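Just so it is clear, the model here is predicted, and its values are computed rather than measured. Below, chains carry the letters A, B, ... as their sequence lines are ordered, and counting in each starts from 1.
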Amino acid sequence: MSIHTHIAVLEVAGKLRRYVPKSRYSPKRRLYLTEKAVKDLESPDSVINLLAIRGQVEEGLKRWVSGGRVWVDLQGKPRFLKPLCPPPSETPPEIWELRFTDPRVQARLFLRFAEPDTIIGTKFHTRKLLGDRGSPEWKAAFRECETSWNELFPGFTPFSGKTIHDYVTENCDDFPLCS
Amino acid sequence: MISHSALNPMTPHSALNPMTPKDRAKYGAALAKSAAFDAVFNLLRRRNAEGRTQIQIAEAIGADTGWLSKQFIGPRNWTMETFGALVEALDGEVEIVVRAMEDPLPSRPNYDAYLGYGMPNIIAASTKSVPPSTVTPASTKPLPDELLNVIRKTSGITAPSS
């Protein structure tokens, strides 16, 4: 079974939910949310809703799905979609984040690429709770992303490319991947 | 309320629980900030590609490059003054268009990223056999065998060979 078909099976089973924003335009990229991630968005008790940032978060999700620019800042740093590059011995590879930066980085969606332009968002995290890079909370969040992937996609490895343009095929600034 | 299917005949809108009015307000504001950011950043890239430096762009409006860099970290709550100043620095011209969600597109979309990712026949078959209430709610549990069997039988898909 291809990962493409497996995604469809998971969607039928209610394990993944595609994100389709209200728009006049058709989606240009794909985003599937796990049940945990959907709960993060919907539950009144979730941190996203307690911080009252669901509106900002959904704007970022819409940017992704509608094919909006994946940008780097004037110094070339990725500010919207970013590969997380920990030491390979400590954490699993191919974990990325979507960053919701308005008015500052408050929340992140941990994700993996299933295919080019297709991301599986496993869980939202708040910057405050994650703490500094390398904190126990960071490592736990990495493990949780990997565990969610393994439960949903047993036997499938996340998509891996050589340049960012292998992952995001259109409207994406150039930036280096993890070395 | 406008039906999404009326807007986009290709991909049905898998609606989440609706946002609260306050969230909708922030969502709308975030979309506007994002649109302004993208529009100005696109012109900045073009000017850079044409050879204009960030120093020249900043100096055109009496600003410095540190301030300019800060404006392009990400969409932010630019005042109209900042927005207009940046456009002027880039020798641009502002045109603002706000469309009604139900307004037709100039041409019918010929691409939908989700097209081919759904399995309408399988969805129909599986929902007949397996009521939604029986779908395992927790993502930590494996898919029910009976559901997988329904899907495989309907689609002719075989189990992964891993």
Of all pairs that satisfy ring-ring contact (aromatic ring centres under 6.0 Å, His included), the ones with a partner from residues 81-103 of chain B, not counting sequence neighbours: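 Output for this query is empty, none listed.
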As an exercise, state the distance from [atom1] of [X] to [atom2] of [Y], rounded to the nearest 0.5 Å.
X: Tyr32(A); Y: Tyr114(B); atom1: OH; atom2: OH; value: 6.0 Å
X: Ser26(A); Y: Leu105(B); atom1: OG; atom2: CG; value: 7.5 Å
X: Arg69(A); Y: Asn42(B); atom1: CZ; atom2: CG; value: 6.0 Å

Side chains of Tyr25(A) and Asp112(B) in contact at under 4.5 Å (non-hydrogen atoms):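 The answer is no; the side chains never approach within 4.5 Å.
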Validation row: Leu44(B), Leu74(A) side chains within 4.5 angstrom (heavy atoms):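 They are in contact (side-chain heavy atoms under 4.5 Å apart), so the answer is yes.
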Are [Y] and [X] co-members of a hydrophobic cluster defined by side-chain heavy atoms under 4.5 Å apart?
X: Val40(B); Y: Val98(B); value: yes
X: Tyr19(A); Y: Met19(B); value: no
X: Val47(A); Y: Tyr27(B); value: no
X: Ile48(A); Y: Leu31(B); value: no

Sort [X] into side chain, backbone, both or neither according to what part of it lies under 4.5 angstrom from a heavy atom of chain B.
X: Leu61(A); value: neither
X: Lys77(A); value: neither
X: Thr118(A); value: side chain
X: Asp173(A); value: side chain

Atom of Arg17(A), atom of Leu16(B) and distance for their closest heavy-atom approach: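 Of all heavy-atom pairs spanning Arg17(A) and Leu16(B), the closest is NH1-CD2, 3.5 Å.
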Donor-acceptor side-chain pairing of Tyr117(B) and Glu115(A) below 3.5 angstrom: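 Yes, Glu115(A) and Tyr117(B) have a side-chain donor paired with an acceptor closer than 3.5 Å.
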Neighbourhood of chain A inside residues 57-74 of chain B, taking heavy atoms under 4.5 Å as contact: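 At a heavy-atom separation under 4.5 Å, chain A is reached by Leu68(B), Ser69(B), Phe72(B), Ile73(B), Gly74(B).
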Toward chain A: residues of residues 45-56 of chain B with heavy atoms under 4.5 Å: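 Against chain A, the residues of residues 45-56 of chain B that fall inside the cut-off (heavy atoms, under 4.5 Å) are Arg45(B), Gln54(B).
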Top contributor to chain B contacts, counting heavy-atom pairs under 4.5 Å, from Arg30(A), Glu42(A), His4(A):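 The option with the most such pairs is Arg30(A).
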Whether Arg24(A) side chain and Asp103(B) backbone form a donor-acceptor pair below 3.5 Å: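 Between the backbone of Asp103(B) and the side chain of Arg24(A) there is a qualifying donor-acceptor contact (under 3.5 Å).
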Under 3.5 Å donor-acceptor, Arg29(A) side chain and Ala113(B) backbone: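 Absent.
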Residues Asp38(B) and Arg63(A) bridged, charged N to O under 4.0 Å: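 Looking at Arg63(A) together with Asp38(B), the answer is yes, because their closest N to O distance falls below 4.0 Å.
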Residues in residues 49-59 of chain A that sit under 4.5 Å from chain B, counting heavy atoms only: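 Residues Asn49(A), Ala52(A), Arg54(A), Gly55(A), Gln56(A), Glu58(A), Glu59(A) are the ones that qualify, each having a heavy atom under 4.5 Å from chain B.
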Over 12 non-hydrogen atoms of neighbours within 6.0 angstrom of CD in Glu170(A):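 Open.
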